[in-house]
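Notes follow once the structure below has been shown.
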Amino acid sequence: MEIPSPPGDWPRTEAEALAVQDELRRRVDETDHSPAPGASGTVVAGLDVAYDDARDVVAAAAVALDAESLDVIAGATAFGRVAFPYVPGLLAFREVPALLEALVRLREQSGREPDLLVCDGYGRAHPRRFGLASHLGVLTGVPTMGVAKNPFVFTSEEPRPGRGDSAPLMDGTEEVGSALRTRDGVKPVYVSAGHRVSLRAAEAHTLSLARRYRLPETTRRADALCRAALLEVTTRDA
DNA sequence: GCGACAG
DNA sequence: ATCTTGTCGC
């Protein structure tokens with residue numbers, strides 16, 4: 001199989017990536033254009049990536065779910081060379097090329113554009129307010145939001161213990177997201193707005209998508225798919 | 001200068 | 001992210 005290299009014009013240094021980020025961040029739309037959470041007939045896509053740094057391979061997955069039933073409608077994968085090292089605050093430059101390719105394939109396969117993209121990471125909760133979810137939203141125009149498993153550099157009070165309880169995620173005195181409990185007594189997830197999705201809507205989408213497990217079904221499905229894909233491509237030949 | 005730090 | 005066994009609990 002041919003594993004594509006990153007685009008020739010992809011940033012190669014932190015300085016170049018920061019410049020791109022500074023340019024794209026101005027295009028973020030903060031108003032909410034996301035569908036009603038759980039609405040029938042609407043499609044939500046989950047995105048995730050798995051790596052084999054030693055072999056310089058990245059596997060991305062995009063999985064489309066029916067927002068009401070959470071049934072899987074379609075799934076697509078894409079492979080690539082690792083496009084950028086992991087630098088906190090520049091995660092998008094590592095994951096975006098493969099994710100975009102997976103999204104193209106998902107659209108081809110399902111015959112329609114998702115109504116909402118759920119990313120594994122942050123959107124507005126970012127040192128420069130432009131995390132992976134914001135970045136992908138600006139590039140695709142599709143409403144995006146981020147759900148992360150860790151608070152990154154941000155802080156919050158402990159949310160009350162029940163599902164649906166939340167506490168503001170703060171960068172100093174600015175609210176950049178939400179620590180949201182999706183299951184009783186379980187560690188919260190960290191939700192933030194992306195492009196064309198408000199924080200309040202992102203919280204509602206998260207609760208609608210995480211009915212049984214801590215993480216949204218979208219990211220669980222995407223995670224399973226990209227790991228399986230990576231294992232398959234990495235396990236054959238030498 | 002020394003850690004911390006989404007995935 | 002990834003390296004990794006067993007174990008406690010619903």
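First the proteins, then the strands, lettered A, B, ... as listed; each starts at 1.
- Salt bridge status for A:E30 with A:R129: absent, with no side-chain N to carboxylate O gap under 4.0 Å.
- For A:L136 against A:T144, the heavy-atom pair with the smallest separation is C-CG2, 4.3 Å.
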Check: What does nucleotides 5-10 of chain C look like as a protein-contact string, B for base, S for sugar-phosphate only, - for none, at under 4.0 angstrom between heavy atoms?
Finding: ------
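- Using a cut-off of 4.0 Å between Lys/Arg side-chain N and Asp/Glu carboxylate O, A:E203 and A:R200 are scored as salt-bridged.
- Distance CG/A:D171 to OG/A:S192: 12.0 Å, rounded to 0.5 Å.
- Salt bridge absent: A:D48 and A:R221 never bring a charged side-chain N and a carboxylate O closer than 4.0 Å.
- Of the possible donor and acceptor atoms, none in the side chain of A:S208 sits under 3.5 Å from a partner among the backbone N and O of A:A204.
- Note: CG (A:D56) to C1' (C:dA1) measures 15 Å, nearest angstrom.
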Note to self: How would you summarise protein contacts on nucleotides 1-7 of chain B per nucleotide, using B for base, S for sugar-phosphate only and - for none, with heavy-atom distances below 4.0 Å?
What the structure shows: ----BBB
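- A donor-acceptor pair under 3.5 Å is absent between the side-chain atoms of A:H135 and the main chain of A:F130, judged by distance alone.
- A donor and an acceptor atom, one from each side chain of A:H205 and A:S34, are located under 3.5 Å apart.
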